[in-house]
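Structure record follows, encoded as structure tokens.
These numbers come from a predicted model, not from an experiment. Residue numbers begin at 1 in each chain, while the letters A, B, ... track the order of the sequences.
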Amino acid sequence: MKEFAIFWGCTIPTRFPFIEKSVRTVLDALKLPYTDIDGFTCCPEKSLVNNVDSGMWTLTAARNVAVADGEGVNVVSPCTGCISNLATVAKDLKTDTTKKKEVNKTLKEIGREFKGESTLKHLIPFLHDDFGVRPIKDKVKYSFKGMQVAIHYGCHMMRPGTALKADDPLNPKKFDTLVEALGAKSMQYMTKLTCCGQGLDRVDQHDKALTLARLKLRELKNLGADAMVLCCPSCYLQFDNNQFLMEKEGEKFGIPILYYTDMLGLAMGINPKDLGIDSHRMDAGPFLEKWAKLCQEEDALTSAERMKEGLNADSAFI
Amino acid sequence: MEESGLNFDLLKKCADCGACYDLCPSSLHIEGYDPRAVIKDILAGDFEKWTDSEHIWQCLECHHCVEICFQHYGFENAMTAMRKYATRSGKHPIQVKRGWDMFAKTGRLGEPNLGARKRLNLPEPAESGEEEFKKLFAIYKADKKTGTEEKNES
Ligand code: SF4
Ligand code: SF4
């Protein structure tokens, strides 16, 4: 596998370093050839930077890709927004040679060139396509059998579809496959593909952001989800932080929010603390307790089955 | 709106279609969010009345409309154009300005939390491209200025 740089973006290192912990711990445990390279900046955030200046939006993203191009590495990001922004600009430049020439003329002045050779992938499709589902299954020591979790994809994991080519933009499956590879049931629910709505918090419309957050949380509470699993810091902010704020005001949902790497790490037998799960605002305790109980039952079951098998076997004496 | 990059032919069809109301999260869940009303005003040359509206900031850029659209166009394009227009006119949420200032100054939207990194036993963060970014930004601004001057002269 070609070496790849992790594009952490701004939100994870600034607000959620424990997510970085979770991702690193799991990539280390999987022995994946990742690296940290100097020189990245904000991807940049489309809804912010593009509104103010499209030229700077394109140049900044092109420069980031050029940094990876220069190092000869691929890019993988645990943030859906970052990868979608980078891929959107990269696709734009690859299909518009005049624009690409213009951009490279400017980049040349700082000694960079956008080639677009580095592949740009979000962590979920990367794990699915490049690491593989079978190898993930093989890593599972403690299955999540008996647990039902709700996947929140995060719009920018697969949209715009033409730029990312990560999954079906309207009916994605890869995240489901990865969750089920760990033995958990991926719930089908009405609002599954609805946007998290965190963007509204960035334009001073907090109450509306909460309206969107409630939508999923209420449904999941009614359906009895054991947790929500996602893989984007912005979605995480929306469902962990904003859920916590609403609970403080008296609205109870009780939905633990997990990063995919949290679940994968736990299934591999990694301690929750080493995955930074104790730093989440929404308590993951109930999820972990239920799981521990199921694991014990499973253990007891297999031991009972083993004993039964032994007793049914032909006797060594008669 | 000519410089908005909007395709008016596609927008016209959009004004008659409305298929994506059924899956646009903001249309479904935020009262008063009605992209087609905005599109009709854009087509009628009456878009200024939306400049002040909070609704143009409620598009989540989830790209759902673009993906489902038979023209692969989407409500989103109209809302993005309106936001750009509003931002140029200084009618943007305070947070947008705050975010932009941070971005323009540092090339990032926040600094890594070093204390927490230490506690979590995380490695030193890689160096950011801040200096190079600043150079790029300066070059871009200078190019843009000469570009506008040339345009004005011709
Ligand atoms: S991108 Fe905007 S207009 Fe389109 S579906 Fe999403 S919220 Fe609605
Ligand atoms: S964006 Fe496309 S699908 Fe939606 S109303 Fe307009 S034309 Fe119809």
Interface moiety of [X] toward chain B, non-hydrogen atoms closer than 4.5 Å:
X	value
A:S47	both
A:I110	both
A:L212	side chain
A:E20	both
A:C10	side chain
A:N64	neither
A:R112	side chain

If only atom types and distance count, is the side chain of [X] paired as donor or acceptor with the main-chain N or O of [Y] below 3.5 Å?
X	Y	answer
B:E132	A:G39	no
A:R159	B:C62	yes
B:E127	A:D38	no

Indicate yes or no: at least one non-hydrogen side-chain atom of [X] is less than 4.5 angstrom from one of [Y].
X	Y	result
B:H29	A:L215	yes
B:N113	A:F18	no
B:S128	A:F40	no
B:W100	A:E45	no
A:H156	B:H63	yes
A:R24	B:P123	yes

Which answer fits [X], side chain, backbone, both or neither, if we ask what part of it has an atom under 4.5 Å from a heavy atom of chain A?
X	result
B:I30	side chain
B:V96	both
B:H64	both
B:D143	side chain
B:L122	side chain
B:E61	both
B:R88	side chain
B:K144	side chain
B:L114	neither

Do you know which of [options] has the most heavy-atom pairs under 4.5 Å to chain A?
options	result
B:L23, B:T106, B:I94, B:V66	B:I94
B:E54, B:Q58, B:E67, B:K135	B:E67
B:N121, B:L28, B:I139, B:T80	B:I139

Does A:E109, at its CD atom, have more than 12 non-hydrogen atoms belonging to other residues, nucleotides or ligands within less than 6.0 Å?
yes
Looking at every non-hydrogen atom in both residues, tell me the closest pair between A:L48 and B:G99 and how far apart they are.
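What the structure gives for the nearest pair is CD2-C, 3.6 Å.
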Highest number of heavy-atom pairs under 4.5 Å with chain B: which of [options]?
options	value
A:R15, A:M56, A:K21	A:M56
A:T25, A:T11, A:V67, A:V49	A:V49
A:D274, A:T194, A:L59	A:L59
A:P169, A:G276, A:G199, A:C43	A:P169
A:T211, A:I12, A:D201	A:D201

Any luck finding a side-chain donor-acceptor pair between B:S26 and A:K208 under 3.5 Å?
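The answer is no; no qualifying pair exists.
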For side-chain contact (heavy atoms from CB on, under 4.5 Å), just list the numbers for B:L136 and A:L107, CA-CA rounded to whole Å, side-chain angles, deciding distance to a tenth of an Å, and then say yes or no.
CA-CA 7 Å; B:L136 181 68; A:L107 287 181; 4.0 Å; yes
For the OG1 atom of A:T41 and the CD atom of B:E130, what is their distance to the nearest 0.5 Å?
10.0 Å
What is the distance from atom CZ of B:F133 to atom CZ of A:R63, rounded to the nearest 0.5 Å?
8.5 Å
Kindly determine whether A:N50 and B:R83 satisfy side-chain contact (heavy atoms from CB on, under 4.5 Å), including the steps that lead there.
CA-CA 10 Å; A:N50 189 38; B:R83 289 208 248 222; over 6 Å; no
If the test is side chain to side chain contact (heavy atoms under 4.5 Å, CB included), which one of A:C196, A:C195, A:C155 qualifies with B:L60?
A:C195
Show your working on side-chain contact (heavy atoms from CB on, under 4.5 Å) between B:Y85 and A:N51 and close with a plain yes or no.
CA-CA 8 Å; B:Y85 183 80; A:N51 283 330; over 6 Å; no
Intermediate values then yes/no, side chain to side chain donor-acceptor pair (under 3.5 Å), B:K84 and A:S54
CA-CA 9 Å; B:K84 284 187 178 166; A:S54 321; 3.0 Å; yes
So, B:E76 and A:K46, do they make that salt bridge, N to O below 4.0 Å?
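Answer for the salt bridge query: yes.
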Applying the side-chain hydrogen bond (donor to acceptor under 3.5 Å, both in side chains) criterion to B:Y140, which one of A:T106, A:D53, A:T58 satisfies it?
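With B:Y140 as partner, A:T106, A:D53, A:T58 yield a single side-chain hydrogen bond (donor to acceptor under 3.5 Å, both in side chains), made by A:D53.
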